[in-house]
Amino acid sequence: MRKNLLAILLVLPALVMIVLFFIVPLIASILGAFEVGDAWGLGNFRKSFELYSSDMIFTVVIVTVSTALIGLFSIAIGGYLTLGENPRAIAILRWLYRWPMFIPFIVVGQILRTFLAKNGLMNNILVSLGILTPLQTIGFLDWRGIVIAFVWKQTPFVTLLVAGAMASLDRSTIEAARNLGASRPRILIEIVLPQIAGTLLVGLILSFVTMMSVLSVPLMINAQSPTMLTADIAFRINAHGDYGVANALGMISLILTTGVALIYLRQTMKERS
């Protein structure tokens, strides 16, 4: 009995923090999404779809494309770290790819806004090298800039998980495939990738949820319509004080992320069974 009481006392502060700062605000947000004036209804959701249906599609497309590119780049980097044969290139790549993971999203937005603008650093370098003329330069401060920011920021996180999973694999199967003449891409796709698919899925789902919640990148890079739902939520609160529609948009985002999380839970239950 004393051990149980001691365990409860040790866990109690964490439970109180979770309830006060996560569960209570979540319940209040869900209830606020259905509160229309002094009544209850779906008016906030109807208004959300009328005003921001294109932004919902834009958000899903941007995050899905970014997630797919993150998966491709993380597989490529992790595959080279595992199957590469140049020790110096592997050491340099292992040292370089992790840096964006330690940079906050707001700093990423500011860096890429400066780099991807029409008169930004990237175009200035291309003009100075004679590759482009000033009239040929184009800016990427639109949906492309958001995708670049998300991929650049989240690829190191997924790569870290994927590379660790690849490094823990039994090397005998890889060496056997090499002895039979299999190329590195074939070994990566047919032998390595199926064994780390679960780890890759976890990393991509966490990245998907993270990108759905980012506000600074769409505000700083894409100052036009359509934009992401996080920017719409901030606009409804700051410009109109409309917490009902903001809560409805937040609940729609929650439903989108929950759908992705269910895929992960289903895969986890399948592996355990």
Side-chain angles (χ1 to χ4, degrees), residues 25-26 28-37 40-73 105-106 108-118 120 137-155 204-264:
L26 176 62
S29 178
I30 293 174
L31 294 177
F34 293 96
E35 187 176 355
V36 184
W40 300 90
L42 299 176
N44 292 324
F45 290 93
R46 284 193 293 267
K47 190 173 182 179
S48 298
F49 280 101
E50 290 174 0
L51 297 176
Y52 302 112
S53 57
S54 60
D55 291 352
M56 297 176 193
I57 298 173
F58 179 83
T59 300
V60 173
V61 171
I62 289 295
V63 176
T64 302
V65 171
S66 301
T67 303
L69 292 176
I70 291 168
L72 291 176
F73 284 119
F105 269 107
I106 189 169
V108 171
Q110 178 59 33
I111 291 173
L112 293 183
R113 181 176 179 84
T114 305
F115 184 76
L116 299 175
K118 183 175 177 61
T137 58
I138 58 174
F140 290 87
L141 299 182
D142 50 18
W143 66 271
R144 295 169 294 182
I146 298 178
V147 171
I148 293 171
F150 283 159
V151 173
W152 186 68
K153 178 69 173 70
Q154 288 300 118
T155 295
L204 293 180
I205 289 174
L206 293 176
S207 295
F208 186 96
V209 174
T210 299
M211 291 184 291
M212 285 290 297
S213 63
V214 174
L215 173 62
S216 56
V217 170
L219 282 181
M220 300 180 72
I221 293 180
N222 183 40
Q224 55 188 353
S225 184
T227 187
M228 296 188 66
L229 288 179
T230 50
D232 293 330
I233 293 172
F235 176 76
R236 296 306 303 184
I237 294 175
N238 295 330
H240 298 282
D242 190 352
Y243 286 89
V245 173
N247 287 328
L249 292 172
M251 190 171 177
I252 292 171
S253 300
L254 179 63
I255 292 172
L256 293 175
T257 54
T258 302
V260 177
L262 288 176
I263 299 174
Y264 165 67

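The basis for the numbers below is simple: all heavy atoms, side chains too, and nothing from hydrogens, waters or symmetry mates. The chain is numbered in sequence order, starting from 1.
Atom CD1 in I221 sits 8.0 Å away from atom CD1 in I148 (nearest 0.5 Å). The CG atom of N222 sits 11.0 Å away from atom CH2 of W143, with the distance rounded to the nearest 0.5 Å. The line from CZ of F105 to OG1 of T210 is 6.5 Å long, rounded to the nearest 0.5 Å. Note that CG of L51 is 9.5 Å distant from CZ of F235, once rounded to the nearest 0.5 Å. Taking CD1 of I205 as the reference point, atom OG1 of T257 lies at 11.0 Å (rounded to 0.5 Å). Taking CD1 of I146 as the start and OG1 of T227 as the end, the distance is 5.5 Å to the nearest 0.5 Å.
Residue F58 forms a side chain to side chain contact (heavy atoms under 4.5 Å, CB included) with just one option from V61, I62, V60, and that option is I62.
Residues forming a salt bridge (charged side-chain N to carboxylate O under 4.0 Å, His left out) with R144 (at least two apart in sequence, or on another chain): D142. Taking Y243 as the reference, I237, N247 meet the side chain to side chain contact (heavy atoms under 4.5 Å, CB included) condition, with sequence neighbours excluded.
Classified by interplanar angle (parallel below 30°, tilted 30° to 60°, perpendicular above 60°), the ring pair F45/F34 is tilted.
Put simply, the side chain of M211 reaches to within 4.5 Å of the side chain of I70, judged on heavy atoms. Contact check for M228 versus V217: no side-chain heavy atoms found under the 4.5 Å cut-off. Within the 4.5 Å cutoff, no side-chain heavy atoms of F73 are placed close to those of Q154. In this structure the side chain of F150 reaches within 4.5 angstrom of the side chain of V214, judged on heavy atoms. In this structure, K47 and D242 have side chains that are in contact, with non-hydrogen atoms separated by less than 4.5 Å.
Heavy atoms only, all atoms of each residue included: G145 and L116 are closest at CA-CD1, 3.9 Å. Across every non-hydrogen atom of I252 and S48, the tightest pair is CD1-CB, 4.3 Å. S66 and V151 make their closest contact through O-CG2, 3.9 Å (heavy atoms, listed as atom of the first residue, atom of the second, distance). In this structure, S253 and L229 approach most closely via the heavy-atom pair OG-CD1, 3.4 Å. Closest approach of G43 and V36 over heavy atoms only: N-CG2, 3.8 Å.
Residue pairs meeting the side chain to side chain donor-acceptor pair (under 3.5 Å) criterion with at least one partner in residues 49-60, sequence neighbours excluded, are Y52-R236.
Under a cut-off of 6.0 angstrom, the local environment of CG in L26 is crowded, with over 12 non-hydrogen atoms contributed by other residues, nucleotides or ligands.
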